[in-house]
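Before any comments, here is the structure.
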Amino acid sequence: MRVIVLGGGVVGVTTAYQLQKDGHEVVVLERQSQVAAETSWGNAGMIAPGHSFVWSSPRAPLILLKSLVLKDQALRFKLSADPRLYSWSWLFLMECTAEKARRNTLLKHRLAVYSQSVLHEVIADEQIDYDRNRRGILYFYRSQQALDKGVEHMRLLESDGQLIKVLDRDAIVALDPSLASAREIAGGIHCPTDETGDPAKFTRALAAKVAERGGEIRTGTTIIGIETSGDGVAQVLTDKGSVKGDAYVLALGSYSPLIAKTVGISLPIYPIKGYSLTIPIGNRPRPPTIAAIDEHNLVAVSRFGDRLRVTATAEFAGYDTSHRPADFAFMKGVTQELYPEGADYDRAEMWAGLRPMTPNNLPEFGCRRLGNLYLNTGHGHIGWTMSHGSARITADLIAGRKPAISMDGLLN
């Protein structure tokens with residue numbers, strides 16, 4: 001078939017790759033001048049099944065409430081005139097029970113583990129340089145009490161097959177000597193099968209391979225709407241004309257509900273703003289050698305070759321991507337304290353972008369109303385982790401095949 005993929009982020013491009021692998025003709029539509037220029041550009045770059053815990057947990061409501069007063073909260077709620085914020089937030093709060101958080105976390109972990117296995121298949125087939133680091137990810141804590149709680153928390157994923165290693169401070173420094181001078185690290189959890197890599201670099205290389213094999217990557221093409229006929233999509237309308245196919249995949253991230261709404265499909269996706277810094281290492285002698293998350297401050301640090309990527313904060317702020325230097329002061333300060341000789345911090349590049357979040361933190365798959373429009377969207381803060389498995393699942397659904405993992409709880 002001829003399949004039109006709406007969206008050129010990591011989810012859209014990996015979907016195009018898997019569809020092409022199945023023998024389909026693929027066309028990717030992307031409004032930016034190149035693929036992976038928005039959410040897929042500025043994230044932490046972590047392939048992290050060990051970080052599959054959903055944000056909609058029993059702790060979330062209090063954190064959001066406190067954020068109205070305290071500005072240093074990892075989750076921030078910003079009052080808005082947008083009614084969708086409040087309707088979505090209500091759905092989010094309904095997912096914040098212990099039972100639902102456990103269920104959704106295990107579903108998310110199932111998808112994340114599968115997705116990592118598909119990524120490994122792609123890497124085995126393709127030569128792609130994306131600053132991959134396979135030393136795992138370190139999740140560390142500032143007090144023994146927090147570490148004990150973190151270990152207890154992580155047992156849920158361990159029960160689902162996640163490999164974890166509990167480390168004391170000395171073991172952490174042995175694992176990454178760049179943390180030797182960091183204060184207040186009591187211990188941590190090392191997930192050795194987690195990994196990191198630059199998602200934008202990967203996505204652009206994969207898109208080039210799709211194009212080399214006859215696929216079309218149409219950048220600079222803004223999707224205006226969808227025209228239907230009967231119970232299916234007839235064509236996609238863009239600022240460069242209409243595009244027709246046999247099947248269509250909606251992979252527009254935070255913008256998916258805006259397009260879906262034009263054809264009567266309501267998607268529970270809301271943009272959650274995240275912040276990141278990209279910092280050159282330069283000649284600094286002690287950059288980090290393994291990705292880490294400071295679980296107290298919820299600051300994540302990854303190394304992409306000669307750069308550090310630092311991410312933090314989730315702000316309920318609608319489609320606003322504006323930012324000021326003050327927005328990055330805390331995360332920069334935390335990183336400098338952890339790695340004082342780790343990078344040229346004065347040369348940090350600031351970025352803010354949108355995470356397409358669903359209330360239960362699980363992506364949307366399959367069809368709604370229109371038989372040839374497939375959803376692959378709403379991957380939240382670990383879209384890079386879940387992208388390859390989601391792409392394979394979408395290709396299987398389009399082919400009428402049963403996906404390799406159970407879709408119970410993942411397919412509405």
Side-chain angles (χ1 to χ4, degrees), residues 1-12 14-16 19 26-31 38-39 56 82-92 94-95 104 107 111 221-239 242-272 318-319 354-380 383 386-387 390-391 393-400 403 407-412:
M1 292 192 294
R2 175 178 166 89
V3 185
I4 313 302
V5 179
L6 285 63
V10 64
V11 172
T14 53
T15 301
L19 288 166
V26 295
V27 180
V28 176
L29 304 179
E30 168 56 44
R31 68 175 181 170
E38 295 191 37
T39 301
S56 46
D82 180 8
R84 285 192 62 241
L85 170 62
Y86 302 100
S87 60
W88 185 92
S89 297
W90 175 253
L91 295 175
F92 176 83
M94 292 301 98
E95 297 291 334
N104 293 336
L107 288 170
L111 176 57
T221 303
T222 300
I223 296 165
I224 298 171
I226 296 174
E227 188 174 290
T228 61
S229 177
D231 60 356
V233 174
Q235 60 184 0
V236 175
L237 307 176
T238 80
D239 62 345
S242 61
V243 184
K244 295 183 179 182
D246 302 302
Y248 302 80
V249 179
L250 184 62
L252 287 169
S254 295
Y255 296 90
S256 295
L258 304 183
I259 293 297
K261 185 179 179 181
T262 66
V263 289
I265 298 173
S266 177
L267 295 180
I269 295 170
Y270 198 76
I272 307 299
Y319 288 89
L354 307 177
R355 303 176 176 109
M357 298 295 293
T358 60
N360 61 7
N361 283 199
L362 298 171
E364 296 283 328
F365 294 117
C367 298
R368 308 277 195 285
R369 288 190 63 249
L370 303 172
N372 63 346
L373 177 63
Y374 293 82
L375 305 175
N376 188 10
T377 188
H379 292 78
M386 297 191 288
S387 58
S390 298
I393 287 167
T394 300
D396 288 340
L397 293 175
I398 289 175
M407 295 301 291
D408 289 346
L410 293 172
L411 189 60
N412 295 327

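Position 1 is the first residue of the sequence, and the numbers go up from there.
Side-chain atoms of Tyr319 come within 3.5 Å of backbone atoms of Ser254 as a donor-acceptor pair (strictly under, hydrogens ignored). Distance alone, capped at 3.5 Å, places no donor-acceptor pair between the Asn376 side chain and the Ala251 backbone. Checked by atom type and distance alone, the side chain of Asn360 never pairs as donor or acceptor with a backbone atom of Asn104 at under 3.5 Å.
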query = How far apart are the C-alpha atoms of Thr377 and Leu252, what are their side-chain angles, what is the distance that settles it, and do they pass the side chain to side chain contact (heavy atoms under 4.5 Å, CB included) test?
reply = CA-CA 7 Å; Thr377 188; Leu252 287 169; 5.7 Å; no
Criterion side chain to side chain contact (heavy atoms under 4.5 Å, CB included) on Met386 and Ile393, from CA distance to verdict = CA-CA 11 Å; Met386 297 191 288; Ile393 287 167; over 6 Å; no
request  = Carefully, step by step, assess His379 and Thr39 under the rule side chain to side chain contact (heavy atoms under 4.5 Å, CB included).
outcome  = CA-CA 11 Å; His379 292 78; Thr39 301; over 6 Å; no
request  = Determine, step by step, whether Asp239 and Thr221 satisfy the side chain to side chain contact (heavy atoms under 4.5 Å, CB included) criterion, reporting the C-alpha distance in whole Å, the side-chain angles of both residues, the deciding distance to 0.1 Å, and the verdict.
outcome  = CA-CA 6 Å; Asp239 62 345; Thr221 303; 4.1 Å; yes
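With sequence neighbours excluded, the residues that form a side-chain contact (heavy atoms from CB on, under 4.5 Å) with Met94 are Trp90. With sequence neighbours excluded, the residues satisfying salt bridge (charged side-chain N to carboxylate O under 4.0 Å, His left out) with Glu38 are Arg31.
Here the shortest heavy-atom pairing between Val10 and Ser387 reads CG2-OG, 3.7 Å. Considering every non-hydrogen atom in both Pro356 and Gly253, the closest pair reads CB-C, 3.4 Å. Between Gly409 and Leu107, the shortest heavy-atom contact is O-CD1, 3.7 Å. Closest of all the heavy-atom pairs between Gly371 and Cys367 is O-SG, 3.6 Å. In this structure, Gly9 and Glu30 approach most closely via the heavy-atom pair N-OE1, 4.1 Å. In terms of heavy atoms, Met357 sits closest to Trp88 at O-NE1, 3.3 Å.
To the nearest 0.5 angstrom, Ile272 atom CD1 is 9.0 Å from Leu354 atom CG. Between Glu364 atom CD and Tyr374 atom OH the span is 16.0 Å, to the nearest 0.5 Å. Distance check: Asn372 CG to Asp246 CG gives 8.5 Å after rounding to the nearest 0.5 Å. Annotation: the span from Ile226 atom CD1 to Leu370 atom CG amounts to 7.5 Å, rounded to 0.5 Å.
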Name each donor-acceptor pair under 3.5 Å that joins a side chain in residues 259-271 to protein atoms two or more places apart or in another chain, with its distance.
{"unit_1": "Thr262", "atom_1": "OG1", "unit_2": "Ile259", "atom_2": "O", "d": "2.5"}
{"unit_1": "Tyr270", "atom_1": "OH", "unit_2": "Asp82", "atom_2": "OD2", "d": "2.9"}

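When only modelled atom types and interatomic distance are considered, Gln235 and Ser242 share a side-chain donor-acceptor pair under 3.5 Å.
For the pair Ile398 and Val249, the minimum side-chain heavy-atom distance is below 4.5 Å. Looking at Leu111 and Ser390, their side chains come closer than 4.5 Å, going by heavy atoms from C-beta outward.
Screening Leu29, Leu19, Val27, Leu250 against Val5 for a side-chain contact (heavy atoms from CB on, under 4.5 Å) leaves a single residue, Leu19.
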